[in-house]
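The next block holds one structure in the form of structure tokens; read it before the comments.
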Amino acid sequence: MNSKKITVVALVAIVLVFFFLGMNAYQKRVQNSQAEKVSQVVQQAGSEPASQTDNRLVRFHSPVFGPSNAPVTIVEFFDPACETCRAFYPIVKDILKQYPNDVRLVIRYAPFHAGSDQVVKLLEAAKRQNKYQPVLEMILATQPQWADHGKPNIELAFRAAQEAGLDIAKAQADAQGSDIAAVLQQDIEDLTALEVTKTPTFFVNGRGLPSFGDQQLLALVAEEVAKARK
């Protein structure tokens, strides 16, 4: 390799190093900013009676899995068209099974993908028929068929919901209600205020994940459960 090629390779390596350093610094700034906002929310909620707590992490309308009085709360900002949300769903279910009395899951909506807002409204309508979980699981199971990010086929998502036992005609009518639109709008306002930019985004008792991965989520939950049991 001649000197010219060596120089080019060295310059490329230097550029890559500075790029990765810059990306790491940016991610840390975003995480710090988000942590500060969440801390403010948690402090504000802590000054209110538990029955009145209604903040940017947990809203009264939010779907909840697990005991409502669990000492550890996982908040997931979730997009039904997100492949990673689909991959994490069984992991979160296993966490709930592992800690049946200690952990609850709160779902918040982050409809970043095209068509996700319509599926979110369908899920909210399913709550009125006590079909939320079976519809959610069927929606996720069939996600590869309907959730084309360029051109999602929402009709296939509706068919999947119907297969889960949903009265689809009633659900589609309910989904157009102003109350369901308000739920979606509130979640969008909250994710914007908390600087949530990707799905899934998890908070465990108000603590965001320092890095993204199932092991990090499991470790953070275990840590919070251990604290609660002391």
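We count residues from 1, following the sequence as given. As a basis for the values below, the full set of heavy atoms in this structure was taken, side chains included, without hydrogen atoms, waters or symmetry mates.
Residue pairs meeting the salt bridge (charged side-chain N to carboxylate O under 4.0 Å, His left out) criterion with at least one member in residues 71-96, sequence neighbours excluded: K93-E137.
Counting only distance, with no hydrogens or angles, the side chain of N205 and the backbone of P71 share a donor-acceptor pair below 3.5 Å. Under a 3.5 Å cut-off, the side chain of W146 and the backbone N or O of I139 do form a donor-acceptor pair. A donor-acceptor contact shorter than 3.5 Å is absent between the side chain of R59 and the backbone of D187. At least one donor-acceptor pair under 3.5 Å links the side chain of Q143 to the backbone N or O of P80. S116 places no side-chain N or O within donor-acceptor distance of the main-chain N or O of F112, the cut-off being under 3.5 Å.
Taking CZ of F65 as the start and CG of L96 as the end, the distance is 8.5 Å to the nearest 0.5 Å. Taking CG of D179 as the reference point, atom CG of L184 lies at 12.0 Å (rounded to 0.5 Å). Here the CD1 atom belonging to I91 is positioned 7.0 Å from the CG atom belonging to L218, to the nearest 0.5 angstrom. From H61, atom NE2 reaches atom CD1 of I107 across 11.5 Å, with rounding to the nearest 0.5 Å. Considering CG of D117 and CD1 of I154, their distance stands at 8.0 Å, rounded to 0.5 Å. Here the CD atom belonging to E223 is positioned 5.0 Å from the NZ atom belonging to K227, to the nearest 0.5 angstrom.
At a threshold of 4.5 Å between non-hydrogen side-chain atoms, the residues F77 and F203 count as touching. Looking only at side-chain heavy atoms (C-beta outward), L166 and Y132 stay at 4.5 Å or farther from each other. Taking the side chain as every heavy atom from C-beta outward, L57 and L194 approach each other to under 4.5 Å. The shortest side-chain heavy-atom distance between I180 and R128 falls under the 4.5 Å cut-off. Annotation: side chain of T73 is not in contact with side chain of V204 (no heavy-atom distance under 4.5 Å). In this structure the side chain of Y99 never reaches within 4.5 angstrom of the side chain of V72, judged on heavy atoms. When side chains are defined from C-beta on, V106 does not count as touching I74, because their heavy atoms never get closer than 4.5 Å. Using a 4.5 Å cut-off on side-chain heavy atoms (C-beta onward), Y109 and I188 make no contact.
A chain of hydrophobic side-chain contacts below 4.5 Å, direct or via other Ile, Leu, Val, Met, Phe, Trp or Tyr residues, connects L140 to L123. M138 and V135 are assigned to two separate hydrophobic clusters, defined by single-linkage of ILVMFWY side chains at heavy-atom distances under 4.5 Å. Under the 4.5 Å side-chain heavy-atom criterion for Ile, Leu, Val, Met, Phe, Trp and Tyr, L220 and V103 are members of the same hydrophobic cluster.
Considering every non-hydrogen atom in both F78 and L136, the closest pair reads CZ-CD1, 3.6 Å. Taking both residues in full, the closest heavy atoms of A70 and R104 are given as CB-N, 3.7 Å, listed atom of the first, atom of the second, then distance. Taking all atoms of both residues into account, the shortest heavy-atom contact from S62 to R108 is OG-CD, 3.2 Å. Taking each heavy atom of G213 and F88 in turn, the nearest pair found is C-CZ, 3.8 Å. Looking at every heavy atom in both residues, A125 comes nearest to A175 through CB-N, 4.1 Å. Nearest heavy atom pair, residue A161 against residue L122, reads CB-CD2, 3.7 Å.
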Inset, instruction - Could you please spell out the steps behind the side-chain contact (heavy atoms from CB on, under 4.5 Å) verdict for E124 and K127? - result: CA-CA 5 Å; E124 282 296 300; K127 284 166 62 176; 3.2 Å; yes
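Test V75, V64, D190 against V58 for side-chain contact (heavy atoms from CB on, under 4.5 Å) and you get one pass: V75.
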